Chemist: 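Before we start, here is the structure in question, set down as structure tokens.
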Amino acid sequence: MMIDIKFIRNNPELLRQAIKNKNEKADLDTLLNTDETRRRLQFDFDTLKAEQNSVSQVIAQKKRAKEDASAELSQMARVAEQIKGLQTELTAVNAQMESLLLTIPNVPQSNVPIGRDESCNEVIRHVGEPVKLDFEPKDHLEIATQNGLLDLMRGAKISGSGFPIYTGLGARLERAIINFMLEYHLQKHGYTELMVPLAVNRKTMTGTGQLPKLEDDMYHISEDDLFLIPTAEVPVTNFYADEVLSYKDLPLKHVAYTPCFRREAGSYGKDTRGLQRLHQFNKVEMVRFVEPQDSEAALEEMLQDAEDILQAFGLHYRVVSLCTGDLSFASQKTYDLEVWAAGGKKYLEVSSVSNFGEFQARRANIRYKDATGKLNHLHTLNGSGLATPRLMIAILESYQNADGSINIPEVLAPWMNLKI
RNA sequence: GGAGAGUUGCCGGAGUGGUUGAACGGGACGGUCUCGAAAACCGUUGUACCUUUACGGGUACCCAGGGUUCGAAUCCCUGACUCUCCGCCA
């Protein structure tokens with residue numbers, strides 16, 4: 001499957017532009033040349049095979065009639081040899097095609113701002129007001145330390161930096177946040193929960209587009225060639241890999257809580273204080289499977305689903321439309337939600353909501369039969385709803401008191417067995 | 001970890017190395033019949049690629065990858081997965 005080679009063949013300039021705008025390094029010319037070679041080989045192969053098939057029947061007839069078929073046999077011996085040669089070439093070219101196709105990114109939607117990097121992202125709107133504190137706010141790490149919520153030193157001791165340990169009330173708070181978000185999506189947004197494997201195979205990682213590009217960013221268990229998931233998107237989207245669904249099943253909406261693992265190779269020393277950037281963190285993820293004509297509307301809906309969580313916490317945030325240079329490899333349009341951190345006085349990314357069009361469905365081979373019985377690739381979307389670390393930062397910093405204590409957000413009370 | 005059995009189309013289930021893309025049954029869909037329905041009968045019912053303005057034609061696919069052969073669903077090798085039994089273990 002992969003990305004549609006016919007589409008690439010017919011729209012090379014569109015692809016060239018998309019690759020450039022996304023700052024990707026995909027070799028389109030080699031791909032197109034290889035495609036031509038492949039088609040020529042395939043044609044020759046098919047032609048010879050057709051000859052072999054028909055003469056083989058003649059041989060069968062003659063043998064049954066006890067006639068001499070030695071002329072045909074020697075002719076076919078030659079043909080068989082040629083076929084074998086072509087077969088070898090074809091196999092090699094097909095493999096080359098596949099690895100080239102895997103490096104072609106998804107094409108951004110036309111309404112995505114064009115730009116090199118995040119400085120070109122477009123702020124769509126601000127929602128709510130930054131919390132007003134009549135004292136100099138502390139940052140989340142100070143608050144967490146003072147209240148005994150986190151033990152990063154011991155996390156570093158037993159695993160390494162970036163593997164946080166939530167302690168006591170901190171652990172309960174983290175768990176309450178996760179449960180609150182999960183139940184919110186289940187009960188108010190109509191998602192169905194999945195609890196999924198945290199280690200997945202290579203095919204699965206390729207299906208959603210993490211591989212081959214991001215192999216260095218993932219934890220890999222070489223013994224079994226398994227990868228720790230960087231997001232629940234991977235196992236949840238691949239839930240339907242190699243399947244054919246019915247239009248009657250759609251839209252499908254799944255939500256899953258999982259820890260996420262990221263090596264964050266190459267980002268050392270950047271925004272590392274406290275919970276800002278971690279190798280392991282918790283996230284509730286929403287995934288949707290929809291008919292193609294519904295995916296644009298579904299993206300807006302999912303964005304709202306994620307926003308609802310921030311609003312439930314009464315946190316100020318902004319919605320950002322990512323520019324082409326900041327879009328992920330597989331995405332054709334992405335909104336980020338950035339929550340206001342009162343202590344650090346900056347916006348922190350807590351959610352990324354993306355429409356992948358048919359890109360992932362092609363790679364993972366997820367199809368559906370539409371109302372007319374026609375087979376199509378469906379569209380996939382996903383969005384964080386939300387990632388907890390930076391949400392925790394915003395909560396601690398927004399709900400702090402002058403004496404360094406913190407209040408528990410009202411919506412979490414039922415999840416912590418607290419009476420407020 | 002050890003031993004055995006298996007993997008065929010939407011499902012069940014045949015298949016001797018040569019007209020098998022695949023018998024037979026079921027399901028689904030269309031039609032005949034009927035006031036309507038059931039039953040019965042007739043027909044249709046895979047995917048991908050190449051080619052053709054079109055009708056059509058060609059190739060591949062019977063878990064995956066190799067091999068034997070003029071020719072493989074059918075024979076051989078390797079691997080994946082499923083099931084049963086034993087061992088170990090939460």
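The shown structure was predicted, so the numbers you read here are calculated from the model rather than taken from an experiment. Every chain is numbered from 1, with letters handed out A, B, ... down the list of sequences.
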Chemist: With P as the reference atom in both, quote the distance from B:C35 to B:C49 in angstrom, rounded to an integer.
Modeler: 48 Å
Chemist: Is the shortest heavy-atom distance from the side chain of A:H189 to the side chain of A:Q304 under 4.5 Å?
Modeler: no
Chemist: Send over the distance from A:R362 CZ to B:A48 P, rounded to a whole Å.
Modeler: 10 Å
Chemist: Rounded to whole Å, please give me the gap between CG in A:N376 and P in B:U47.
Modeler: 12 Å
Chemist: Would you give a per-nucleotide map of nucleotides 51-58 of chain B, 5' to 3', where B means the base has a protein non-hydrogen atom under 4.0 Å away, S means only the sugar-phosphate does, and - means neither?
Modeler: -------B
Chemist: Verify the contact: side-chain N or O of A:K6 to OP1 or OP2 of B:C49, cut-off strictly under 4.0 Å; return yes or no.
Modeler: yes
Chemist: Taking CG from A:D225 and P from B:A80, how many angstroms apart are they, rounded to a whole number?
Modeler: 12 Å
Chemist: Could you verify whether a donor N or O on one side chain and an acceptor N or O on the other, from A:D249 and A:Y368, lie under 3.5 Å apart?
Modeler: no
Chemist: Which of these nucleotides, B:C50, B:G18, B:U59, is closest to any side-chain atom of A:F45?
Modeler: B:U59
Chemist: B:A80, OP1 or OP2 - any side-chain N/O from A:R202 closer than 4.0 Å?
Modeler: no
Chemist: Can you tell me the distance, in whole Å, between the CG atom of A:L86 and the P atom of B:U59?
Modeler: 15 Å
Chemist: Need to verify one output field. Residue with the more 5' nearest nucleotide on RNA chain B, A:R38 or A:A80?
Modeler: A:R38
Chemist: Hey, does the side chain of A:Q52 come within less than 4.0 Å of B:G71's phosphate (OP1/OP2), counting only N and O?
Modeler: yes
Chemist: Output the rounded distance in Å from NZ (A:K374) to C1' (B:U47).
Modeler: 14 Å
Chemist: Please state the C1' separation for the pair B:A73 and B:C63 - nearest whole angstrom.
Modeler: 12 Å
Chemist: Check whether any side-chain heavy atom of A:E122 sits under 4.5 Å from a side-chain heavy atom of A:I124, and report yes or no.
Modeler: yes
Chemist: In whole Å, what is the span from the CD atom of A:E98 to the C1' atom of B:A48?
Modeler: 14 Å
Chemist: If you measure from the P atom in B:A64 to the same atom in B:C70, how many Å do you get, rounded?
Modeler: 25 Å
Chemist: On the 0 to 90° scale, with breaks at 30° and 60°, tag the A:F180-A:F313 ring pair as parallel, tilted or perpendicular.
Modeler: perpendicular
Chemist: Given Watson-Crick or G-U pairs with both distances under 3.5 Å, what dot-bracket string fits RNA chain B, with | for other-strand pairs and [ ] for crossing?
Modeler: ((((((((.[[[..)..(.....]]]((((((.......))))))((((((....)))))).[[[[[..)....]]]]])))))))....
Chemist: Output the rounded distance in Å from CG (A:L41) to P (B:U59).
Modeler: 18 Å
Chemist: Rounded off to whole Å, could you give me the CG-to-P distance for the A:N201 and B:A80 pair?
Modeler: 13 Å
Chemist: Is it the case that the side chains of A:N201 and A:T204 hold a donor-acceptor pair, with the cut-off being a distance below 3.5 Å and no angle test?
Modeler: yes
Chemist: Please classify the nucleic acid contact of A:R78 as base, sugar-phosphate, or nothing, using heavy-atom distances under 4.0 Å.
Modeler: nothing
Chemist: For residues A:L337 and A:A306, report the shortest heavy-atom separation together with the two atoms involved.
Modeler: CD1-CB, 3.6 Å
Chemist: Using the P atom as the reference point in each nucleotide, state the distance between B:G30 and B:U82 in Å, no decimals.
Modeler: 38 Å
Chemist: More than 12 foreign heavy atoms under 6.0 Å from CD of A:Q311: is that the case here?
Modeler: yes
Chemist: What I'd like to find out is whether the side chain of A:R202 reaches to under 4.5 Å of the side chain of A:E215, using heavy atoms alone.
Modeler: yes
Chemist: Between A:K22 and A:E24, does the salt bridge (Lys or Arg N to Asp or Glu O under 4.0 Å) criterion hold? Intermediate values first, please.
Modeler: CA-CA 5 Å; A:K22 273 193 156 185; A:E24 291 287 342; over 6 Å; no
Chemist: Could you give the distance separating B:G71 and B:U44 at their C1' atoms, to the nearest angstrom?
Modeler: 32 Å
Chemist: List, with names and distances, any nitrogen or oxygen atoms from the protein found under 3.5 Å away from nitrogen or oxygen atoms belonging to nucleotides 61-69 of chain B.
Modeler:
residue, atom, partner, partner atom, Å
B:U68, OP2, A:K84, NZ, 3.1

Chemist: Examine A:K253 relative to A:Y191 and say whether NZ or CZ is less than 6.0 Å from the centre of the six-membered ring and inside a 45° cone about the ring axis.
Modeler: yes
Chemist: Short question: side chain of A:H279, backbone of A:G162 - any donor-acceptor pair under 3.5 Å?
Modeler: no
Chemist: Would you please say whether a donor-acceptor pair under 3.5 Å links the side chains of A:T388 and A:E174?
Modeler: yes
Chemist: Considering non-hydrogen atoms only, spot the tightest contact between A:P235 and A:I229 and give its length.
Modeler: CD-CG2, 3.7 Å
Chemist: Write down the distance separating the C1' atoms in B:G9 and B:A5, rounded off to the nearest Å.
Modeler: 23 Å
Chemist: Determine the interatomic distance between C1' on B:U20 and the same-named atom on B:C62; round to the nearest Å.
Modeler: 10 Å
Chemist: Starting at the 5' end of RNA chain B and moving along, which residue's nearest nucleotide shows up first, A:S54 or A:A77?
Modeler: A:S54
Chemist: Considering only B:C49, B:U19, B:G71, which nucleotide approaches the side chain of A:R64 most closely?
Modeler: B:U19
Chemist: Distance between the C1' atoms of B:A48 and B:U53, in whole angstroms?
Modeler: 23 Å
